[in-house]
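See below for the structure under consideration.
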Amino acid sequence: VQLQAFGGGQVQAGDSLTLACAASGFTFSENVMGWFRRAPGKEREFVSAISWSGGSTFYADSVKGRFTTYKDNAKNTLYLQMSSLKPEDTADYYCVADKRRRTTYTGPQYKSSGLYNYWGQGTQVTVSS
């Protein structure tokens, strides 16, 4: 299994940026996927998740309304579209996936790092004021 995230960079507050995660080695279209982040000196935190069918999405309160996650099954790629970026969004962003296929969870479960078996390397996002 490989999860390769890319698209990070340095931007100004208020800018937009889209991260992508190319997945391989599992049935991308049948697995829950998501994003976590770790800011400098802080604990890792949940950012977003998408159900295996793509029909439901979940977001941390801190990014709700600003970030959108979606997936392209034809390209085996997960996306995180970020807008109105703030300095507090500065972090390494990690793409994650659940190894179970066609499984639905409660809302809180999607937000738990324990749900995810596969973690990609981070891509760094820096937002300056």
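All residue numbers refer to positions in the sequence shown, counting from 1. Since we're looking at a predicted model, the values are computed, not measured.
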- Message: Looking at Lys99, is its backbone amide N or carbonyl O close enough to the side chain of Asn117 to form a donor-acceptor pair, meaning the two atoms are under 3.5 Å apart?
- Response: yes
- Query: Between Arg37 and Glu45, is a salt bridge (charged side-chain N to carboxylate O under 4.0 Å, His left out) present by the stated rule, with each step listed?
  - Reply: CA-CA 5 Å; Arg37 68 185 181 186; Glu45 64 174 358; 2.6 Å; yes
- Judged by modelled atom types alone, do Gln81 and Thr18 share a side-chain donor-acceptor pair under 3.5 Å? no
- Query: Do Arg100's NZ or CZ and the ring of Trp52 fall within the cation-pi criteria of under 6.0 Å and 45°?
  - Reply: no
- Message: Between Asp61 and Lys64, is the salt bridge (charged side-chain N to carboxylate O under 4.0 Å, His left out) condition met? List the steps.
- Response: CA-CA 5 Å; Asp61 288 342; Lys64 200 172 295 183; 3.2 Å; yes
- Message: For the backbone of Ser51 and the side chain of Ser53, can you confirm whether one donor and one acceptor N or O come within less than 3.5 Å of each other?
- Response: no
- Message: Does either side chain, that of Asp98 or that of Tyr105, offer a donor lying less than 3.5 Å from an acceptor on the other one?
- Response: yes
- Do Tyr70 and Tyr79 have ring centres separated by under 6.0 Å? yes
- Ring centroid separation Tyr59 to Phe67 under 6.0 Å: no
- Query: Only one of Trp119, Tyr94, Tyr118, Tyr110 clears ring pair (Phe, Tyr, Trp, His ring centres under 6.0 Å) with Phe36; which?
  - Reply: Trp119
- Message: Counting neighbours of CD on Gln2 that are heavy atoms of other residues, nucleotides or ligands and sit closer than 6.0 Å, is the number greater than 12?
- Response: no
- For Thr90 and Val125, run side chain to side chain contact (heavy atoms under 4.5 Å, CB included): C-alpha distance rounded to whole Å, both residues' side-chain angles, the deciding distance at 0.1 Å, then the answer. CA-CA 5 Å; Thr90 295; Val125 174; 5.9 Å; no
- Without swapping roles, check the side chain of Gln121 against the backbone of Ala5 for a donor-acceptor pair under 3.5 Å. yes
- Query: For the hydrophobic clusters of this structure (ILVMFWY residues joined by side-chain heavy atoms under 4.5 Å, transitively), does one cluster hold both Ile50 and Trp35?
  - Reply: yes
- Would you please indicate yes or no on a ring centroid separation below 6.0 angstrom for Phe58 and Phe46? no
- Taking atom types as modelled, find out whether Ser112 and Gln109 have a side-chain donor-acceptor pair closer than 3.5 angstrom. no
- So Phe28 and Phe26, would you call those rings parallel, tilted or perpendicular, with 30° and 60° as cut-offs? tilted
- Message: I'd like to know whether CD of Gln10 has more than 12 heavy-atom contacts from other residues, nucleotides or ligands below 6.0 angstrom.
- Response: no
